[in-house]
Amino acid sequence: MASLEKRMLRINRVFLCLFLFAFVCDGFYLPGTYMHTYSNDDEIYAKVNSLTSIETELPFSYYSLPYCKPHDGVKKSAENLGELLMGDQIDNSPYRFRMNKNESVFLCITSQLNEQEVKLLKQRTRDLYQVNMILDNLPAMRYANQNGVKIQWTGFPIGYSPANSNDDYIINHLKFKVLIHEYEGSTVEIIGTGEEGMGVISEADKKKTNGYEIVGFEVVPCSVKHDPEEMSKLHMYDNINSINCPGDLERSQIIREQERVAFTYEVEFVKSSTRWPSRWDAYLKMEGARVHWFSILNSLMVIFFLAGIVFVIFLRTVRRDLTRYEELDKEAQAQMNEELSGWKLVVGDVFREPEHAKLLCVMVGDGVQITGMAAVTIVFAALGFMSPASRGMLLTGMIILYLLLGTLAGYAGVYLWKTIKGTPDGWRSVAWWNACFFPGIVFVILTMLNFLLWGSKSTGAIPISLYFILLSLWFCISVPLTLFGGYLGTRAEPIQFPVRTNQIPREIPARKYPSWLLVLGAGTLPFGTLFIELFFILSSIWLGRFYYVFGFLFVVLLLLVIVCAEVSVVLTYMHLCVEDWRWWWKAYFASGSVALYVFLYSINYLVFDLQSLSGPVSALLYLGYSLIMAVAIMLSTGTIGFIMSFYFVHYLFSSVKID
């Protein structure tokens, strides 16, 4: 009783501490950045990200074009690993706003444009490059009407090329609308995960929480021809008269040599009822919720169909055969052994070591690692830990998880190796290959693509310093953890095969059609589970759209796991029934072949949905990244199918006692 009372007292203390912590904090908000509040006339500077285009997919630095620069020079913001890999280059800009003060401002006027600048501006304009501006961590949003439908975009174009003209015009006047919410803070502590990192409002800062929060950032781009002589007399941030966007080309700023381009902007602050935690809702509106539900229902139909087949296999075929076999006496069993047919004939070969056993173990180990990374990432993203406000956080999180799950890869690969061989001899080689197989493929592809990006002088090129960082993470974290996992795999008790393997392999009967044809066709069923979600993912990557329906993606992932397991089990049983005991690789590729259809679908998406993508460099980049995605999907889905088939075969033959 005394020990029970002490335990209850400890529990009460824990609950009391949690209650006090919640009382002191008052409020808690996880996704996004840590909230800023501004007082009247507080200066706020916008930032600029890399110039991007859905036509070329090659990002370039904002200051590669003759734009106005800040007085104190260009300074890069701190970037995480994910931002660097995605080609983001966030710099400061001269665009200055003063809280709650509407104004029209002159920024700068360029010198006379030379031939090289004109050529570059025209090229970037015709390639549909966008300027990506950020204010208080919110991307600039613009609205456009197309066929009576209101469409929202992030960023604004560098310029435009009228349909009936050979000239190009530059966007040099921006009309900003900053949505603000008046905030009266109390003792609120907010923790965020944005570009400023984790932050907590201190006691000193609480006095500053009364003020305004920025909850929206909209822009209307215009091309305006200014008088160069008048503009030359002005200084940066001098006030000018408000400007209406011209509707005719004569009053727009043309791009040609000897022209001087004046950049101006105006800002309007508008009070909004939107609160700070909801300010990203406007960006994350994902259309087509019905399509996602249709995809899930379609997957459920496939699952129930396959589940019915598995049910028939287990209850009507396998259980019936096993029950009839167990009811016979020993003489009848001996006679039946001579008359066996189907899967029972391969009892002495079913656990024979497969060809290229080491490669199979390596691929299974890497598949476990990738599957674990994907599952944990999607769960955390669905719970809101990886907000789009934290640029690059999703990719950074995936890389960190992949590194840490190296232990799982080494353990799974070496454990399977020990199970197949019956001895851990050679486990170091398996663990080393586990650590280098998939990362090596990715490294080779990225290096080749990086040469293309370097040649194009794109900000998407990985710097040499980042290469050394990635290699250090690989060999200083991933490789040791994988080797440690392999060591743990040698210490684990291997799975014992329920039947002995004959010394002489059984001849496999000839078939009318190649067995690999059925294996490749099986990949269509898992592909039917994910192809709709795949369209939204590809659109978010290549068309610059936000993807944040991770709840749907998590459900699709669960359905994909079930379909892969069922497909692989059904095909494994079909091969065993025709006396084909070489099921190991076929079980792997029965579900892993979905990667072939994913890659083919990616090519289809390139041809029919990315018609605007121009140039061989852009196409090679797209195909290179699609190949990495397909290889990762193959390793993950193949591993899921193989593991389920292995346990199915083990269960099946552990119920048979044949000498």
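- Residues Tyr411 and Val368 form no side-chain contact, since every pair of their non-hydrogen atoms from C-beta on lies 4.5 Å or further apart.
- From Ile400, atom CD1 reaches atom CG of Leu405 across 11.5 Å, with rounding to the nearest 0.5 Å.
- Side-chain atoms of Ile537 and Leu553, non-hydrogen and from C-beta on, do get closer than 4.5 Å to each other.
- Between Ile462 atom CD1 and Phe468 atom CZ the span is 13.0 Å, to the nearest 0.5 Å.
- Using modelled atom types, one side-chain atom of Tyr415 and one backbone atom of Glu493 make a donor-acceptor pair closer than 3.5 Å.
- Here the shortest heavy-atom pairing between Ser456 and Phe60 reads O-CE2, 3.1 Å.
- When all heavy atoms of Leu481 and Leu403 are compared, the pair lying nearest together is CD1-O, 3.4 Å.
- Taking the side chain as every heavy atom from C-beta outward, Leu452 and Leu58 never approach each other to under 4.5 Å.
- Ring geometry for Tyr588 against Trp585 counts as perpendicular: the plane angle is over 60°, on a 0 to 90° scale with 30° as the lower cut.
- No side-chain donor-acceptor contact under 3.5 Å links Glu353 to the backbone of Lys421.
- In this view, Arg126 and Asp168 satisfy the salt bridge (Lys or Arg N to Asp or Glu O under 4.0 Å) rule, not counting sequence neighbours.
- Listed here is the closest heavy atom pair of Asn434 and Gly365: ND2-CA, 3.5 Å.
- For the atom pair CG (Leu401) and CE (Met398), the distance works out to 9.0 Å, reported to the nearest 0.5 Å.
- When every heavy atom of Ala565 is checked against every heavy atom of Ile640, the shortest pair comes out as N-CG2, 4.3 Å.
- The 12-atom threshold is not exceeded at CZ of Phe484, counting heavy atoms of other residues, nucleotides or ligands nearer than 6.0 Å.
- Without hydrogens or angle criteria, Lys418 side chain to Thr490 main chain gives a donor-acceptor distance under 3.5 Å.
- A distance-only check finds no donor-acceptor pair linking the side chain of Thr52 to the backbone of Pro59 [under 3.5 Å].
- Annotation for Phe380: atom CZ does not count as buried by contact number, only 12 or fewer foreign heavy atoms lying within 6.0 Å.
- Between the CG atom of Leu81 and the CD1 atom of Ile399 there is a distance of 4.0 Å, given to the nearest 0.5 Å.
- The closest donor-acceptor contact from the side chain of Asn450 to the backbone of Ala461 lies at 3.5 Å or more, if one exists at all.
- Counting heavy atoms from C-beta outward, Leu470 and Leu85 have side chains that approach closer than 4.5 Å.
- In this structure, Phe475 places its CZ atom where more than 12 heavy-atom neighbours from other residues, nucleotides or ligands lie under 6.0 Å away.
- The aromatic rings of Phe351 and Phe653 sit perpendicular, their planes meeting at an angle over 60°, well past the 30° parallel limit.
- Annotation: side chain of Leu610 is not in contact with side chain of Leu538 (no heavy-atom distance under 4.5 Å).
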* Could you walk me through whether Leu408 and Gln369 pass side chain to side chain contact (heavy atoms under 4.5 Å, CB included), step by step? => CA-CA 6 Å; Leu408 207 58; Gln369 186 177 11; 5.6 Å; no
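- A distance-only check finds no donor-acceptor pair linking the side chain of His650 to the backbone of Phe646 [under 3.5 Å].
- Contact check for Asp609 versus Ser539: no side-chain heavy atoms found under the 4.5 Å cut-off.
- Within the cation-pi definition used here (under 6.0 Å to the ring centroid, within 45° of the axis), Arg506 does not qualify as a partner of Trp581.
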### Query
Taking it one step at a time, do Lys586 and Asp580 satisfy side chain to side chain contact (heavy atoms under 4.5 Å, CB included)?
CA-CA 10 Å; Lys586 290 167 186 174; Asp580 187 352; 2.5 Å; yes
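- Side-chain atoms of Ser645 come within 3.5 Å of backbone N or O of Ser568 as a donor-acceptor pair.
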Would you please test Val442 and Tyr402 for side chain to side chain contact (heavy atoms under 4.5 Å, CB included) and show each step? CA-CA 13 Å; Val442 174; Tyr402 183 84; over 6 Å; no
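- Checking side-chain atoms of Trp474 against main-chain N and O of Cys436 turns up no donor-acceptor pair under 3.5 Å.
- The minimum heavy-atom distance between Arg582 and Ile508, with the atom names listed, is NE-CD1, 3.0 Å.
- With hydrogens and angles disregarded, no donor-acceptor distance shorter than 3.5 Å links the side chain of Trp427 to the backbone of Tyr487.
- Ring-plane geometry between Tyr625 and Trp542 is classed as tilted, the angle between the planes lying from 30 to 60 degrees on a 0 to 90 degree scale.
- Judged by distance alone, with hydrogens and angles left aside, the side-chain atoms of Asn502 form no donor-acceptor pair with the main-chain N or O of Ile504 at under 3.5 Å.
- The structure places CD1 of Ile633 at 12.0 Å from OG of Ser593, a figure rounded to the nearest 0.5 Å.
- Considering SG of Cys361 and CG of Asp366, their distance stands at 11.5 Å, rounded to 0.5 Å.
- In the model, Tyr129 has a side-chain atom that pairs as donor or acceptor with a side-chain atom of Thr56 under 3.5 Å.
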- side chain to side chain contact (heavy atoms under 4.5 Å, CB included) between Cys564 and Leu560: does it pass, once the steps are laid out? CA-CA 6 Å; Cys564 287; Leu560 180 65; 3.9 Å; yes
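- Taking the six-membered ring for Trp, Phe443 and Tyr467 have ring centres closer than 6.0 Å.
- Contact annotation: the side chain of Pro494 approaches that of Gln496 to within less than 4.5 Å [non-hydrogen atoms, C-beta and beyond].
- When side chains are defined from C-beta on, Asp88 does not count as touching Asn132, because their heavy atoms never get closer than 4.5 Å.
- Residues Thr637 and Ser591 have side chains that never bring a donor and an acceptor to within less than 3.5 angstrom of each other.
- Met363 and Phe589 get closest at one heavy-atom pair: CE-CZ, 4.4 Å.
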